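Reading through the structure tokens given below for one structure.
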Number of protein chains: 2
Amino acid sequence: MSEESEVLKLERQLCFPLYTASRLTTQCYQPILQELNLTYPQYLVMLVLWEKNNLSLSDIAQKLFLQSNTLTPLLKRMEELGLLTRTRSKQDERSICISLTETGEKLKIQAEQVPSRLTQQISLTRDEAIQLHTLLYKLIQG
Amino acid sequence: MSEESEVLKLERQLCFPLYTASRLTTQCYQPILQELNLTYPQYLVMLVLWEKNNLSLSDIAQKLFLQSNTLTPLLKRMEELGLLTRTRSKQDERSICISLTETGEKLKIQAEQVPSRLTQQISLTRDEAIQLHTLLYKLIQG
DNA sequence: TACATTTACATCGTACACGATATAATTGTA
DNA sequence: TACAATTATATCGTGTACGATGTAAATGTA
């Protein structure tokens with residue numbers, strides 16, 4: 001009934017396993033992050049800020065490949081959770097400075113266990129994970 | 001100021017490049033799919049149905065690793081677009097049968113050019129793409 | 001055959017993503 | 001210095017994702 005069209009087969013697309021692997025991996029994080037009361041995108045913001053505190057929205061946006069339309073409400077929710085503060089920069093009134101609160105800083109200690117707990121759930125060898133990591137960054141930066 | 005915590009560095013995580021590669025790849029599709037008046041998840045549903053028509057919602061759900069909470073509204077929108085019909089199955093009144101309309105079938109012809117147009121934009125060699133494909137499926141199926 | 005269990009969808013609420021657009025501050029330039 | 005262009009963030013609307021829950025049909029079982 002359906003014509004042969006190899007190029008349109010779902011399993012042949014690169015996009016589909018990317019989309020699915022991303023979603024399923026995020027789902028693996030969910031129960032772990034729930035203990036920290038964080039969503040996955042919120043966790044990413046925390047990773048950025050734990051590495052370097054007091055960044056502007058655009059700094060975070062650049063690191064996460066996101067924009068203000070996604071980040072503004074995300075950061076507002078995180079402010080309401082008491083994880084960070086959003087203050088207008090003195091040097092440039094357009095810019096806002098995102099700073100971790102003490103609560104936000106302290107959450108890092110609990111978060112230290114997250115990566116290893118996730119690695120345990122993943123069905124890739126260490127070498128495969130490295131290989132995948134390399135290929136994904138090549139795709140992203142291309 | 002921020003303590004050294006190698007395990008929590010953003011660039012070390014596997015999840016982040018997965019999430020980003022998925023989003024950026026979807027963004028590559030967007031202008032191409034706009035010509036077909038499809039969103040990316042809608043395109044995935046079409047890929048499934050072009051391969052095999054007259055599937056139940058749960059068949060599609062299984063292939064795309066989605067559930068009714070996502071698929072029901074998605075399929076309703078596609079029905080409104082005139083791409084498919086949703087009819088209760090006679091054999092099992094709980095099940096709905098998703099069938100392509102003629103419009104939906106015909107869209108396949110236009111879609112044939114999508115994969116190659118995307119491949120051109122991707123910064124991976126053929127071998128790397130195959131390698132990535134294999135690793136992602138291993139991750140998904142694990 | 002009653003009835004508990006399972007299955008297939010649907011609905012609801014929350015939180016992203018993201019294109020389009022708005023707004024105010026800063027910068028470049030005639 | 002006026003004023004156009006740029007930049008940083010915010011807002012809005014639409015469309016996913018997905019956990020939790022609801023509902024009705026089908027199935028298993030005593």
Side-chain angles (χ1 to χ4, degrees), chain A residues 15-16 18-34 37-46 55-81 83 86-98, chain B residues 15-16 18-34 37-46 55-81 83 86-98:
Chain A
C15 59
F16 172 63
L18 267 173
Y19 161 84
T20 305
S22 172
R23 285 178 39 242
L24 298 186
T25 305
T26 302
Q27 285 173 31
C28 282
Y29 273 92
Q30 206 273 328
I32 301 173
L33 293 182
Q34 196 163 30
N37 195 29
L38 288 176
T39 65
Y40 179 71
Q42 289 170 5
Y43 175 64
L44 292 182
V45 170
M46 293 306 281
L55 293 175
S56 70
L57 184 144
S58 57
D59 291 333
I60 298 173
Q62 196 206 330
K63 283 178 194 295
L64 298 181
F65 299 86
L66 290 169
Q67 289 150 31
S68 66
N69 51 8
T70 301
L71 273 178
T72 297
L74 181 54
L75 292 170
K76 279 188 179 175
R77 279 187 287 270
M78 294 177 76
E79 187 180 33
E80 282 167 22
L81 289 170
L83 296 170
R86 300 161 60 251
T87 49
R88 287 279 161 193
S89 161
K90 293 279 153 49
Q91 303 93 307
D92 188 338
E93 286 282 343
R94 293 170 304 177
S95 180
I96 61 169
C97 180
I98 312 295
Chain B
C15 58
F16 172 63
L18 267 173
Y19 160 84
T20 305
S22 172
R23 284 178 39 243
L24 297 186
T25 305
T26 302
Q27 285 173 31
C28 282
Y29 273 92
Q30 207 272 330
I32 302 173
L33 294 182
Q34 196 164 27
N37 195 30
L38 288 175
T39 65
Y40 179 72
Q42 288 170 4
Y43 174 65
L44 293 182
V45 170
M46 294 305 281
L55 293 175
S56 69
L57 184 145
S58 56
D59 291 333
I60 298 173
Q62 195 207 331
K63 283 178 195 293
L64 297 182
F65 298 86
L66 290 170
Q67 288 150 31
S68 66
N69 50 8
T70 301
L71 273 177
T72 297
L74 180 54
L75 292 170
K76 278 187 179 175
R77 278 187 287 270
M78 295 177 76
E79 187 180 33
E80 281 167 23
L81 289 170
L83 296 170
R86 299 160 62 250
T87 49
R88 287 278 161 193
S89 161
K90 293 281 153 49
Q91 303 92 305
D92 188 337
E93 286 281 342
R94 294 170 304 178
S95 180
I96 61 169
C97 179
I98 313 295

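As the structure is a prediction and not an experimental result, all values here were calculated from the model. Order of the sequence lines sets the chain letters (A, B, ...), proteins ahead of strands, with each chain counted from 1.
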Students often get this wrong, so: under 4.0 angstrom with heavy atoms, is A:L74 touching a base, only sugar-phosphate, or nothing?
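Sugar-phosphate, no base atom in range.
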Side-chain N or O of [X] closer than 4.0 Å to phosphate OP1/OP2 of [N]:
{"X": "B:T39", "N": "D:dT16", "result": "yes"}
{"X": "B:R77", "N": "D:dT16", "result": "yes"}
{"X": "A:Y19", "N": "D:dA17", "result": "yes"}

Please name the pair of heavy atoms, one in A:L18 and one in B:A21, separated by the smallest distance, quoted to 0.1 Å.
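Smallest interatomic distance, heavy atoms only, reads CD2-CB, 3.9 Å.
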DNA chain C: 5'-most and 3'-most nucleotides touching chain A, 4.0 angstrom heavy-atom criterion:
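In short, chain A contacts DNA chain C from C:dA15 to C:dT26.
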Would you call the rings of B:Y43 and B:Y29 parallel, tilted or perpendicular, where under 30° means parallel and over 60° means perpendicular?
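Tilted.
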Looking only at side-chain atoms of B:D92, point me to the closest of D:dT9, D:dA25, D:dA17.
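Nearest listed nucleotide: D:dA25.
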Nearest-Å distance, [atom1] ([X]) to [atom2] ([N])?
{"X": "B:K90", "N": "D:dA26", "atom1": "NZ", "atom2": "P", "answer": "13 Å"}
{"X": "A:L71", "N": "D:dA10", "atom1": "CG", "atom2": "P", "answer": "10 Å"}
{"X": "B:R88", "N": "D:dA25", "atom1": "CZ", "atom2": "P", "answer": "9 Å"}
{"X": "B:L44", "N": "D:dG15", "atom1": "CG", "atom2": "P", "answer": "16 Å"}
{"X": "B:K76", "N": "D:dT16", "atom1": "NZ", "atom2": "P", "answer": "14 Å"}

B:Q91 vs B:M78, nearer the 5' end of DNA chain D by closest nucleotide
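Of the two residues, B:M78 wins.
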Interatomic spacing from CG in B:L71 to CG in B:L64 - rounded to 0.5 Å
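That separation rounds to 6.5 Å.
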Please round to the nearest 0.5 Å and tell me the distance separating atom CG of B:D92 and atom CZ of B:R88.
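The distance works out to 9.5 Å.
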Identify each atom pair where a protein N or O and an N or O of nucleotides 18-23 of chain D are less than 3.5 Å apart, giving names and distance.
{"from": "D:dC18", "atom 1": "OP1", "to": "A:Q27", "atom 2": "NE2", "distance (Å)": "2.7"}
{"from": "D:dC18", "atom 1": "OP2", "to": "A:R23", "atom 2": "NE", "distance (Å)": "2.9"}
{"from": "D:dC18", "atom 1": "OP2", "to": "A:R23", "atom 2": "NH2", "distance (Å)": "2.8"}
{"from": "D:dC18", "atom 1": "OP2", "to": "A:Q27", "atom 2": "NE2", "distance (Å)": "3.2"}
{"from": "D:dG19", "atom 1": "N7", "to": "B:N69", "atom 2": "ND2", "distance (Å)": "2.6"}
{"from": "D:dG19", "atom 1": "O6", "to": "B:N69", "atom 2": "ND2", "distance (Å)": "3.1"}

Are the side chains of [Y] and [X] in contact, using a 4.5 Å heavy-atom criterion?
{"X": "B:L81", "Y": "B:Q42", "value": "yes"}
{"X": "B:L55", "Y": "B:K63", "value": "yes"}
{"X": "A:R77", "Y": "A:T39", "value": "no"}
{"X": "B:R23", "Y": "B:T26", "value": "no"}
{"X": "B:L38", "Y": "B:L83", "value": "yes"}

